[in-house]
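Worksheet for the structure shown next.
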Amino acid sequence: MSEDIEHVKCLIIGSGPAGYTAAIYAARADMQPVLYQGLQPGGQLTETTDVDNYPGYPEGINGPQMMIDFQKQAERFDTDVRSGWITEVDFTGPKHKVVIDDGQKTVTADSVIISTGASAKWLGLESEIRLRDMGGGVSACAVCDGFFYKGQEVAIVGGGDTACEEASYLGKLCKKVYMLVRRDEFRASAAMQKRVEEMENIEIMYHHEALEVLGENAVEGVRVINNKTKEERTLNVTGFFVAIGHKPNTDPFKKWLKTDNQGYIIKKPDSAKTDIEGVFVSGDAADKVYRQAVTAAGTGCMAALDAERYLAEKGLH
Ligand code: NAP
């Protein structure tokens with residue numbers, strides 16, 4: 001650990017809707033929060049284009065702009081927003097130690113709010129990543145972006161519960177949904193599978209994988225292959241959704257906190273508390289079910305309120 005040790009009352013790790021909302025509440029409660037932004041300042045919303053389902057923006061808002069607004073609001077109340085990512089923690093307590101940028105700096109904190117989110121998994125195709133980065137019709141969130149493909153034909157990759165949920169969401173909006181499942185069976189629960197099977201405009205394509213997303217600036221089709229017969233064909237779609245799972249960004253905390261088999265932090269019911277006193281969690285790092293900006297923001301608020309109560313009980317605030 002480095003010698004440069006600073007002590008803070010409230011340390012927030014992560015800069016998505018959960019982290020910034022925690023910061024707004026903590027700062028307004030005079031907890032003088034310090035927030036480290038992590039590797040992707042603004043989080044997953046910086047990978048999306050228009051956000052139309054966050055209340056308070058009647059005309060919708062561009063995802064990256066929304067996160068700039070969140071940051072400005074947190075800074076308006078004097079949150080100390082810093083760049084840097086957390087590489088190691090020591091939650092022995094009562095002062096919790098957090099190492100930033102591989103030991104460049106160490107901070108101790110009376111309370112820690114983990115808001116490190118999760119990252120969508122991608123196939124890794126060059127065309128997929130290129131069109132995703134330019135907002136050209138590649139998305140990992142049907143609830144966020146499905147609306148833009150109303151009445152159109154789209155494809156979705158994946159055979160888990162998320163893919164089924166997203167495919168049925170898209171099925172209600174789109175003219176046709178091609179669902180690419182790489183094996184001859186779903187990973188999803190039988191109930192979720194039945195839901196997609198029963199929708200007439202969803203075509204389940206077993207043994208199919210995407211080879212290339214077509215289009216220069218926007219999706220114009222997807223070239224797919226039947227991995228059994230090796231037959232290739234092109235699907236004429238305008239949207240390409242990837243639903244092959246998420247990875248919660250919780251690696252540095254796993255030694256200290258209980259996680260489920262996928263790495264999501266397990267918190268105490270009806271709270272943002274973890275098993276360790278003074279350590280709280282909010283947002284997608286502990287949520288594999290809802291994963292929305294508004295739910296992340298809500299749990300960020302919960303974490304700050306829980307942290308404030310904790311500090312007050314300990315006579316630290
Ligand atoms: P998941 O269960 O891990 O399923 C991932 C799916 O994507 C699988 O069908 C997998 O295929 C496929 N896949 C993975 N990599 C791929 C690749 N490179 N190319 C093509 N396909 C690929 O992930 P999830 O659906 O996001 O669910 C995560 C967890 O959340 C699960 O425990 C799930 O039950 C839960 N969840 C629950 C609900 C609910 O209860 N309402 C909703 C959403 C999620 P293989 O099967 O061949 O590996």
Side-chain angles (χ1 to χ4, degrees), residues 44-66 120 122-123 125 127-182 186 188 191-206 208-226 232-244 246 290-295:
Q44 287 187 80
L45 278 168
T46 59
E47 281 175 15
T48 188
T49 46
D50 294 333
V51 179
D52 271 341
N53 53 9
Y54 198 93
Y57 292 100
E59 304 306 323
I61 173 127
N62 170 280
Q65 182 58 48
M66 183 174 165
W122 299 94
L123 298 173
L125 302 171
S127 51
E128 168 206 36
I129 305 300
R130 179 174 50 77
L131 285 159
R132 176 200 72 185
D133 290 349
M134 60 168 53
V138 172
S139 166
C141 180
V143 178
C144 317
D145 300 323
F147 181 79
F148 305 114
Y149 304 93
K150 208 170 175 181
Q152 301 175 38
E153 302 203 356
V154 299
I156 181 163
V157 183
D161 281 329
T162 303
C164 289
E165 205 162 68
E166 304 229 317
S168 33
Y169 185 89
L170 292 168
K172 288 180 203 140
L173 293 170
C174 302
K175 191 162 108 190
K176 166 115 191 174
V177 180
Y178 296 96
M179 192 168 185
L180 306 176
V181 180
R182 68 178 171 182
F186 277 84
M192 296 294 275
Q193 179 174 342
K194 192 160 172 264
R195 209 153 115 186
V196 291
E197 283 170 347
E198 284 175 351
M199 292 184 75
E200 280 179 5
N201 61 342
I202 299 181
E203 182 178 334
I204 301 166
M205 299 175 70
Y206 290 107
H208 275 81
E209 293 176 42
L211 291 176
E212 186 187 2
V213 189
L214 306 172
E216 272 306 304
N217 301 311
V219 175
E220 288 169 8
V222 183
R223 196 159 59 81
V224 300
I225 186 168
N226 180 319
E232 290 186 24
R233 63 180 276 208
T234 295
L235 307 175
N236 293 319
V237 295
T238 48
F240 183 68
F241 290 84
V242 180
I244 60 171
H246 285 75
Y290 300 104
R291 293 195 292 236
Q292 299 301 302
V294 70
T295 50

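Throughout, numbering of the chain's residues begins at 1 and tracks the sequence.
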Just wondering, do Arg291 and Thr162 contact through their side chains at under 4.5 Å, heavy atoms? yes
For salt bridge (charged side-chain N to carboxylate O under 4.0 Å, His left out), just list the numbers for Arg132 and Glu128, CA-CA rounded to whole Å, side-chain angles, deciding distance to a tenth of an Å, and then say yes or no. CA-CA 6 Å; Arg132 176 200 72 185; Glu128 168 206 36; over 6 Å; no
Determine the minimum heavy-atom distance between Val222 and Ala210, stating which atoms define it. CG1-CB, 4.0 Å
Whether over 12 other heavy atoms sit under 6.0 Å from Phe147 CZ: no
Nearest atoms (heavy-atom pairs only) where Val219 meets Val237: CG1-O, 3.6 Å
Check Cys174 against Gln152 and note the closest heavy-atom contact, atom names and distance. CB-O, 3.1 Å
Shortest non-hydrogen contact from Val224 toward Leu180: CG1-CD1, 3.7 Å
Taking the side chain as everything from C-beta on, heavy atoms only, tell me whether Val294 gets closer than 4.5 Å to Pro55. yes
What distance do Asn226 atom CG and Glu232 atom CD have between them, rounded to the nearest 0.5 Å? 10.5 Å
Val154: which of Leu170, Leu235, Asp145 passes side-chain contact (heavy atoms from CB on, under 4.5 Å): Leu170
Between the main-chain N or O of Glu216 and the side-chain N or O of Arg130, is there a donor-acceptor pair closer than 3.5 Å? yes
Out of curiosity, Asn217 CG to Met134 CE, how far, rounded to the nearest 0.5 Å? 5.5 Å
Would you say the side chain of Leu123 lies within less than 4.5 Å of the side chain of Phe240, judging by non-hydrogen atoms? yes
Does some side-chain heavy atom of Phe186 sit less than 4.5 Å from a side-chain heavy atom of Ile204? yes
Looking at Met66 and Ala293, what are the two nearest heavy atoms and their distance? CE-CB, 4.4 Å
Distance check, rounded to the nearest 0.5 Å: Gln65 atom CD versus Thr46 atom OG1? 12.5 Å
Taken to the nearest 0.5 Å, the spacing of Asn201 CG from Glu153 CD works out to 9.5 Å
How long is the straight-line distance from NZ of Lys176 back to CD of Glu200, given to the nearest 0.5 Å? 11.0 Å
Examine distances only and state if a side-chain atom of Glu166 and a backbone atom of Ala142 form a donor-acceptor pair shorter than 3.5 Å. yes
Is there a side-chain contact between Tyr149 and Thr238 (heavy atoms, below 4.5 Å)? yes
Tightest non-hydrogen contact, residues Leu131 and Leu214, listed as CD1-O, 4.2 Å
If we only count heavy atoms from C-beta on, is the Cys164 to Arg195 side-chain gap below 4.5 Å? no
Gap between atom CE of Met179 and atom CZ of Phe241 - 0.5 Å precision: 13.0 Å
